[in-house]
Amino acid sequence: AQTVTQSQPEMSVQEAETVTLSCTYDTSESNYYLFWYKQPPSRQMILVIRQEAYKQQNATENRFSVNFQKAAKSFSLKISDSQLGDTAMYFCAFILIQGAQKLVFGQGTRLTINP
Amino acid sequence: NAGVMQNPRHLVRRRGQEARLRCSPMKGHSHVYWYRQLPEEGLKFMVYLQKENIIDESGMPKERFSAEFPKEGPSILRIQQVVRGDSAAYFCASSLQGAREKLFFGSGTQLSVL
């Protein structure tokens, strides 16, 4: 079975700083996708970034980028120039390319951006 | 294009009552997923449906829980004879091409069992 672990329950940084959220996962498969989802206080889950495991190039979306280390099974999220609106829970998630269409989520990291 | 709509946003039930949670996917989306989130935990997969079919219910408890996605109308997650342990946030998500592409989530229904 696949598992996703986020070892930082909470993080807090000042506005405009850069912050990195950690995620590790465990699988015996080689083909999968990884995601970071954001859950603000409104509770709605919002996709931040998606990475295909077969691509070596790290995905980026504006201020958000990932450091994907396949051998280490690590998938960290870097937020540059953090903004107050980035305050939210962040969840790392995993899904296999073949087989069941179900995302496996980590426990989440609560990120607070301070003014 | 309206997003995924879930209602009610909050639902309070007493032990033994039934809970019905509704989800209207985004227009044109035929893939619907239900997830459950316990306090301070990540989302856990419950069930995956396409129109009129249950594709994967491996995350659903074997008793008291059922889901449907009829040809017309919203998807329904039904919990019979609720117990305190059913208290959680229940999220619905939809997609055009499946969960490996972008999933669009609703804002969830917070179920509280007294």
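Atoms considered below: every heavy atom in the structure, side chains included; atoms not considered: hydrogens, waters and symmetry mates. So that the names make sense, note that chain A is the first sequence line, chain B the second, and so on, each numbered from 1.
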Requested in this report: Against chain B, work out which of A:M89, A:Q39, A:E52, A:R110 has the most heavy-atom pairs shorter than 4.5 Å and name it.
Outcome: A:Q39
**Report entry** Cationic N near anionic O, under 4.0 Å, B:R13 to B:D86
**Finding:**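 Looking at B:D86 together with B:R13, the answer is no, because their closest N to O distance does not fall below 4.0 Å.
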Query raised in the report: Salt bridge between B:R78 and B:E18, side-chain N to carboxylate O under 4.0 Å?
Result: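 So B:R78 pairs with B:E18 through a salt bridge.
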Which atoms of [X] approach chain B - backbone, side chain, both or neither, heavy atom under 4.5 Å:
{"X": "A:I95", "result": "side chain"}
{"X": "A:F35", "result": "side chain"}
{"X": "A:I46", "result": "neither"}
{"X": "A:Q6", "result": "neither"}

Report task. Identify the heavy atoms of A:R43 and B:H10 that sit nearest to each other, and give their distance. Result ->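 Nearest heavy atoms, A:R43 then B:H10: NH1-CE1, 4.2 Å.
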Query raised in the report: Which heavy-atom pair separates A:S80 from A:T18 by the least distance, and what is that distance?
Result: CA-OG1, 3.8 Å
Query raised in the report: For the ring pair A:Y32 and A:Y25, is the centre-to-centre distance below 6.0 Å?
Result: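 Yes, ring centres under 6.0 Å apart.
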Query raised in the report: Where does B:I55 contact chain A at under 4.5 Å (heavy atoms): side chain, backbone, both or neither?
Result: neither
Query raised in the report: Tell me, side chain or backbone of B:F91 under 4.5 Å from chain A's heavy atoms, or both, or neither?
Result: side chain
Requested in this report: Supply the atom-to-atom distance B:K44 NZ to B:Q37 CD, rounded to the nearest 0.5 angstrom.
Outcome: 9.0 Å
